[in-house]
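Structure record follows, encoded as structure tokens.
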Amino acid sequence: MVQASFEVALKIAERKKAHTIGEELIKPCAEIMVRNVLGDKAKREISKISLSNNTVRRRIDDMAADVCNQVCQEIRASAFRASLQLDESTDIANQSQLIAFVRYEKEKKVKEEFLFCELLTTTTTAEEVKKLVDYFFEKNGLSWMQFQHICTDGAPAMIGVRTGFVTRVKSKWPHISNSHCSLHRYALASKTMPPELMSVLDSVISSINFIRGRAKNHRLFDLMAQEMGSTHTSLLYHTQVRWLSRGKCLARVFEMHTEVEIFLREMETRGDHRHENYKNPEFLMSWRTWQTFSAP
């Protein structure tokens, strides 16, 4: 019974569903199927499986703690020092989360695992970040001696020369080295692109907004793409805040550039010649350059 409860909780967590779905949907459906196939006796056995909201949460917490313990044991047993990657991000509830990934050696192979995601309850300063990391290390039996490298973004709280997180760690553990996250380097590089490349991005985003931003255009484009047998039927939005969306956004439009060109040509208004760009070799070449920087 307990094993079944754990396995159902794992499926709920993997599908990112509400914990109440176990008691409200999964268990009643399972009871109906078992009763119809195996009878009332089997149904009574199924009903003994605990899938309440609190139970599912405890199961998920127990599994998460077990996985964390396994990762920490592998780090301690590694023949080489590990590397730590940190990033502070704000979720949809406007809460600051510190996310950590770790890379280490296991059985002569490099292994990368998620280490933790902890809430920064007050400020996001270097001092608070170091306190949180040190607390996690102490709680799980880890030490900075088991780490060799730190990878972070370019935020002052992380790499500040005097009071940054990396500086604070190096002051006590001088063997630690550090580097700048490659994804953030790509993001920074894309902000200093030449004007001719920026005009390409602006043109593509303008086309996307013209199609996706108007309900009628979106429906007509979807119908046209279906009639043409396209792999995709809709475009993806791009936002400056979520800069990683740029690569997927440009790739999707590039895959559908024929459909986009036809639609813009048919919907052309006076003085609007955006569709001509999608047949221009120089425009397409600059477009591919953008994709190189947007999807590392």
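The shown structure was predicted, so the numbers you read here are calculated from the model rather than taken from an experiment. Counting begins at 1 with the first residue of the sequence.
Between the R212 side chain and the H218 main chain, no donor and acceptor come within less than 3.5 Å of each other. At distances below 3.5 Å, at least one donor-acceptor pair connects side-chain atoms of H175 with backbone N or O atoms of W144. Of the possible donor and acceptor atoms, none in the side chain of R59 sits under 3.5 Å from a partner among the backbone N and O of V2. No side-chain donor-acceptor contact under 3.5 Å links E23 to the backbone of T20.
Under the 4.5 Å side-chain criterion, counting only non-hydrogen atoms from C-beta, F210 is in contact with R214. Contact annotation: the side chain of L25 never approaches that of K17 to less than 4.5 Å [non-hydrogen atoms, C-beta and beyond]. When side chains are defined from C-beta on, V110 counts as touching R103, because their heavy atoms get closer than 4.5 Å. M224 places a side-chain heavy atom less than 4.5 Å from the side chain of E259. Side chains of L84 and L86 form a contact here, defined as non-hydrogen atoms less than 4.5 Å apart. Using a 4.5 Å heavy-atom threshold, the side chains of M1 and S50 count as separate.
In F114, the CZ atom is crowded: over 12 heavy atoms of neighbouring residues, nucleotides or ligands sit closer than 6.0 Å. Around CD of Q226, the count of heavy atoms belonging to other residues, nucleotides or ligands within 6.0 Å exceeds 12.
Between the side chains of S96 and T124, not a single donor N or O lies within less than 3.5 Å of an accepting N or O.
Shortest non-hydrogen contact noted between H149 and S179 is NE2-OG, 2.7 Å. Smallest separation of non-hydrogen atoms from N140 and R76: O-NH1, 2.7 Å. Shown here for S78 and E105, the closest heavy-atom pair between the two residues is OG-O, 3.0 Å.
Sorted by first then second residue, the salt bridge (charged side-chain N to carboxylate O under 4.0 Å, His left out) pairs that include residues 42-57, not counting sequence neighbours, are E45-K48, R57-D61.
Here the options are K27, E24, H19, the test is side chain to side chain contact (heavy atoms under 4.5 Å, CB included), and the partner is L51; only K27 passes. Tested against F147, the residues W173, F137, Y104 include a single ring-ring contact (aromatic ring centres under 6.0 Å, His included) partner, F137.
The existence of a salt bridge linking K11 and E7 is excluded, since no basic side-chain nitrogen approaches an acidic carboxylate oxygen closer than 4.0 Å.
F101 and L115 fall into different hydrophobic clusters, where Ile, Leu, Val, Met, Phe, Trp and Tyr are joined by side-chain heavy atoms under 4.5 Å apart, directly or via other members. Cluster annotation: I46 is connected to V37 through the hydrophobic network of ILVMFWY side chains, with a link wherever side-chain heavy atoms come within less than 4.5 Å.
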Inset, instruction - Would you check, one step at a time, whether the test side chain to side chain donor-acceptor pair (under 3.5 Å) holds for D222 with T233? - result: CA-CA 5 Å; D222 182 275; T233 59; 3.2 Å; yes
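Note that CZ of F263 and CG of L235 are 9.5 Å apart. Values are rounded to the nearest 0.5 Å.
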